[in-house]
Peer 1: 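One structure, pasted below without further comment.
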Amino acid sequence: MLTSAQLDKPIVDSDLQREIEHFLSYEAHLLDTNQLEAWDSLFTEDGMYWIPLEHGQEDPVGMVSIAYEDAILRDVRIRRLAERHAWSQQPPTISTHQVTNAIVTAHDPTAGTLTVRSRFQVVEWRKRNFLRHLAGGYVHDLIKIGEQWRIKLKRVDLVNCDGVHDNFELFV
Amino acid sequence: MAEADPNWVERLVEPARVHKAVYTDQRVYDLEMERIFGQAWVFVGHESQVKEHGDCWSTMIGKEPVVMTRDSKGDIHVLYNRCPHKGAKLTAEGCTKHKPMFRCPYHAWMFRMDGSLVSVPHRHGYDGTSFDPDDPQFSMTPVARVENYRGFVFCSLSEEGPDLKTFLGGAITSMDNFVDRAPDGEIEVAGGVQRVMQRSNWKIFFENLNDTGHPIATHESSFLAARKTSKHKLGGEVPFQLHIIEGNGEAPEFWESLDLRAFDYGHSFMTAIFHAPKGKISEDYKAALDTAKGKEEADRIVSMNRHNTIIYPSCSPHTGFHQLRVIRPISINRTMVEIFTFNLKGTSEEYWQRTITYSNIVNSPSSTVMVDDVEVYERCQEGMESDGMDWISQHRGEGRDNLLDREIQSEGISEMPIRNQFRAWSHYMLGTPASIPTGGGDS
Ligand code: FES
Ligand SMILES: [Fe+2]
């Protein structure tokens, strides 16, 4: 990761900065509007979705996480939400995602890779009494394939990752 | 359930049904804290959580904050987590280090890891007073009894009652098998602790752990989704990560064919529903176990295949995938479940990663399986808090139990383990915990 001194100015030009910010907003839009298959197709074939359990967790395979999902597990989660007898989704969870403070911290034009860090606020609503506020930081490792940015890793660092949790049903 | 009636608790439990008040009446909950969590052997932690002098693990035993410590001689203690001066808790929750001693954050009294007082500041302020540093009332208080069974540390807040081995009874075989599965003979807590909040009474979770009647109904959304994923994405192949989701959709005959066993003090287990996948990871593991224990003994160890074991009223080991779920009642309708994963010494990195994968998929707060469990627990809690009906049925398989020697056996879909829990519950609540019969054998 670059030091703050190196990040006092954008490391990419404003067109690319806007393009990446749009990508993050678009991803959030797909989650908010429940277009989960389109959201999933933003990932590369081996792309991972990760919510660490501990602050600064480096290891997703030798330590437990809140979630660490590949294409197969994301597919199960998406299909489950569409099942008629997904009891915990009666009524379904509604969510809103806000993404801000996007800073590109790495960019390799030759390899087509880019890392962007941002902050998020997510509010989920379910049933008459369940309003949940989630907040923290995202790290997206992206790669450009053709004209499309795709996600190699979406890391979700919750401010309360080490707390006691209600269930995570949707994607944060 | 008038309080004036001295037998009000007794009247809440019948042989195959219980009154909803056991889940919803605050007076019942308060009495449980005193008579169940204040009496029973309750799981505190595993010795590997306090490896060195000064290591501490803080948790709750019923409503009592306690801290498990390791002293300079290597002995383990369980102390009430409060300062004898003005009551301040000495440690934060979870793992902390206090080498070489506790220092109270309020007035800096110092204590050894066995709880004994080392010093107080402004000592002369106590000159001529009745303060006596050797009087135990000025040291941290140890809990009444602590026992360590093969690394699993339990405590009882009561001087009375059976020893730990007697308490565990036939369920001890699950604790043994948990440790025996390590080729090097040792296990350790590793990889972080997941924590889940359930909006329901603690007993609802215990009843579910051996409730073989629920998976087909409750887990339909996840097992159907997993099957569709397998079909559409993998050409019908079912890798491990899908097996442990779609396995809940086995046919009714499968659940009926399972074996349920229950013991004194409310413990029980059911036989396995998920098996370790074939392939190199399992083969290498078995080879290591063969070398360490001899083939015959290794065969015996891995053939003891169990799903959840219930150690009532505090924890549930899963021997095959090396998980231990610890159940902490928070209030009458809130229950915290902590999930510990265990690394078996003498196994490969890949084997350990499979343990992690299992926990992430089945036990983590994001589990697509457990989410429907937690939902139905909450629905039970909400339903029972209403006035529609008073009694909760546990009739499935009633009267068809096999009474063995201090052990009850029953068919796969029986609610026998639930009835067995309430038999123990009644005895605790009526204040006669030393003599809990299961109805089996010589009792
Ligand atoms: S409360 Fe602990 S030293 Fe005063
Ligand atoms: Fe379940």
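So you know, we letter chains A, B, ... as the sequences are listed, proteins then strands, and number each from 1. What's counted below: heavy atoms across the whole structure, side chains too, no hydrogens, waters or symmetry copies.
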Peer 1: Check this for me: does any side-chain nitrogen of one of B:Glu207 and B:Lys203 sit under 4.0 Å from a carboxylate oxygen of the other?
Peer 2: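 No.
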Peer 1: At a heavy-atom distance under 4.5 Å, which candidate from A:Ala67, A:Ser65, A:Ala71 has the highest pair count against chain B?
Peer 2: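 Option with the top pair count is A:Ser65.
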Peer 1: Please state whether the side chain, the backbone, both or neither of B:Gln198 comes within less than 4.5 Å of a heavy atom of chain A.
Peer 2: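 Answer is neither: B:Gln198 stays 4.5 Å or more from chain A.
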Peer 1: Thinking salt bridges, do B:Arg199 and B:Glu382 make one under a 4.0 Å N-O criterion?
Peer 2: no
Peer 1: Where does B:Lys228 contact chain A at under 4.5 Å (heavy atoms): side chain, backbone, both or neither?
Peer 2: both
Peer 1: Go through B:Ser359, B:Ala190, B:Gly192, B:Ser367 and name the one with the most non-hydrogen pairs under 4.5 angstrom from chain A.
Peer 2: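 Looking at each option in turn, the highest pair count goes to B:Gly192.
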Peer 1: What part of B:Thr368 gets closer than 4.5 Å to chain A, counting heavy atoms only: side chain, backbone, both or neither?
Peer 2: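 Both backbone and side chain.
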Peer 1: Check each atom of B:Ala217 against the heavy atoms of chain A and say whether the ones under 4.5 Å are side chain, backbone, both or neither.
Peer 2: backbone
Peer 1: Whether A:Asp75 and A:Arg77 form a salt bridge (side-chain N of Lys/Arg under 4.0 Å from carboxylate O of Asp/Glu) is what I want to check.
Peer 2: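 Here A:Arg77 does not pair with A:Asp75 in a salt bridge, since their nearest N and O are not under 4.0 Å apart.
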Peer 1: Sort A:Ala82 into side chain, backbone, both or neither according to what part of it lies under 4.5 angstrom from a heavy atom of chain B.
Peer 2: neither
Peer 1: Considering only heavy atoms, give the residues of residues 18-38 of chain A separated from chain B by less than 4.5 Å, sorted numerically, with 'none' for an empty result.
Peer 2: none
Peer 1: Less than 4.5 Å to any heavy atom of chain B: does that hold for the side chain of A:Arg74, its backbone, both, or neither?
Peer 2: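 Neither part.
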Peer 1: Only one of A:His55, A:His165, A:His133 clears side-chain contact (heavy atoms from CB on, under 4.5 Å) with A:Asn160; which?
Peer 2: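 With A:Asn160 as partner, side-chain contact (heavy atoms from CB on, under 4.5 Å) holds for just one option, A:His165.
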Peer 1: So which part of B:Arg227 gets closer than 4.5 Å to some heavy atom of chain A, the side chain, the backbone, both or neither?
Peer 2: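 Answer is neither: B:Arg227 stays 4.5 Å or more from chain A.
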Peer 1: Tell me if a side-chain donor or acceptor on B:Gln381 pairs with a main-chain N or O of B:Tyr23 at a distance below 3.5 Å.
Peer 2: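 Between the backbone of B:Tyr23 and the side chain of B:Gln381 there is a qualifying donor-acceptor contact (under 3.5 Å).
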Peer 1: Just so I understand: if I count every heavy-atom pair under 4.5 Å between each of B:Ile245, B:Val193, B:Val376, B:Asn343 and chain A, which residue has the most?
Peer 2: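 Top option by heavy-atom pairs under 4.5 Å: B:Val193.
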Peer 1: I'd like to know if B:Glu188 pairs up with B:Lys51 as an ion pair, taking the criterion as any Lys NZ or Arg NE/NH1/NH2 lying under 4.0 Å from an Asp or Glu carboxylate oxygen.
Peer 2: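 Salt bridge: yes.
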Peer 1: For A:Phe130, is it the side chain, the backbone, both or neither that has a heavy atom under 4.5 Å from a heavy atom of chain B?
Peer 2: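 The answer is the side chain of A:Phe130.
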Peer 1: Which one of B:Glu378, B:Met370, B:Glu349, B:His232 has the most heavy-atom pairs closer than 4.5 Å to chain A?
Peer 2: B:His232
Peer 1: Side chain, backbone, both or neither: which part of B:Leu234 has an atom under 4.5 Å from a heavy atom of chain A?
Peer 2: side chain
Peer 1: Are A:Asp141 and A:Lys154 within salt-bridge range, i.e. N to O under 4.0 Å?
Peer 2: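 Here A:Asp141 does not pair with A:Lys154 in a salt bridge, since their nearest N and O are not under 4.0 Å apart.
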Peer 1: Taking atom types as modelled, find out whether B:Arg328 and B:Thr335 have a side-chain donor-acceptor pair closer than 3.5 angstrom.
Peer 2: no
Peer 1: Considering only heavy atoms and a distance below 4.5 Å, find which of B:Val374, B:Thr341, B:Val196 pairs most often with chain A.
Peer 2: B:Val196
Peer 1: Between B:Glu338 and B:Arg325, does at least one N-O distance fall below 4.0 Å, as a salt bridge requires?
Peer 2: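 So B:Glu338 does not pair with B:Arg325 through a salt bridge.
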Peer 1: Evaluate the ring planes of B:Tyr351 and B:Tyr285, with Trp represented by its six-membered ring, and classify them as parallel (under 30°), tilted (30 to 60°) or perpendicular (over 60°).
Peer 2: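 It falls in the parallel class, under 30°.
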Peer 1: Against chain A, work out which of B:Gly94, B:Ala225, B:Ser366 has the most heavy-atom pairs shorter than 4.5 Å and name it.
Peer 2: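 Answer, by heavy-atom pair count under 4.5 Å with chain A: B:Ser366.
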Peer 1: Can you tell which of B:Tyr358, B:Phe274, B:Phe342 makes a ring-ring contact (aromatic ring centres under 6.0 Å, His included) with B:Phe321?
Peer 2: B:Tyr358
Peer 1: Would you say the side chains of B:Asn81 and B:Thr91 form a donor-acceptor pair under 3.5 Å?
Peer 2: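 The criterion, which ignores hydrogens and geometry beyond distance, is satisfied for B:Thr91 and B:Asn81.
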Peer 1: Would you kindly say whether A:Arg117 and A:Asn101 are connected by a side-chain donor-acceptor distance under 3.5 Å?
Peer 2: no
Peer 1: Please state whether the side chain, the backbone, both or neither of A:Ile72 comes within less than 4.5 Å of a heavy atom of chain B.
Peer 2: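 Interface part for A:Ile72: both.
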Peer 1: Is B:Val337 in contact with chain A via its backbone, its side chain, both, or neither, using a 4.5 Å heavy-atom distance?
Peer 2: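 No part of B:Val337 comes within 4.5 Å of chain A.
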Peer 1: When you measure from the side chain of B:His219 to the backbone N and O of B:Ile216, does any donor-acceptor pair fall under 3.5 Å?
Peer 2: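 It does not hold such a pair.
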Peer 1: Considering only heavy atoms, which portion of A:Asp162 lies under 4.5 Å from any heavy atom of chain B: side chain, backbone, both, or neither?
Peer 2: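 Interface part for A:Asp162: backbone (N, CA, C, O).
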Peer 1: What I'd like to find out is whether the side chain of B:His318 reaches to under 4.5 Å of the side chain of B:Asn308, using heavy atoms alone.
Peer 2: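 Yes, at least one pair of side-chain atoms sits under 4.5 Å.
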Peer 1: May I have the step-by-step check of side chain to side chain contact (heavy atoms under 4.5 Å, CB included) for A:Asp46 and A:Asp70, ending in yes or no?
Peer 2: CA-CA 7 Å; A:Asp46 57 355; A:Asp70 60 8; over 6 Å; no
Peer 1: Are there residues of residues 85-94 of chain A whose heavy atoms fall under 4.5 Å of chain B's heavy atoms? If so, which?
Peer 2: A:His85, A:Ala86, A:Trp87, A:Ser88, A:Gln90
Peer 1: Can you establish whether the number of heavy atoms outside B:Lys231 located under 6.0 Å from its atom NZ is more than 12?
Peer 2: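 Not more than 12 within 6.0 Å, no.
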Peer 1: Salt-bridged, B:Lys97 to B:Asp55, with N to O below 4.0 Å?
Peer 2: yes
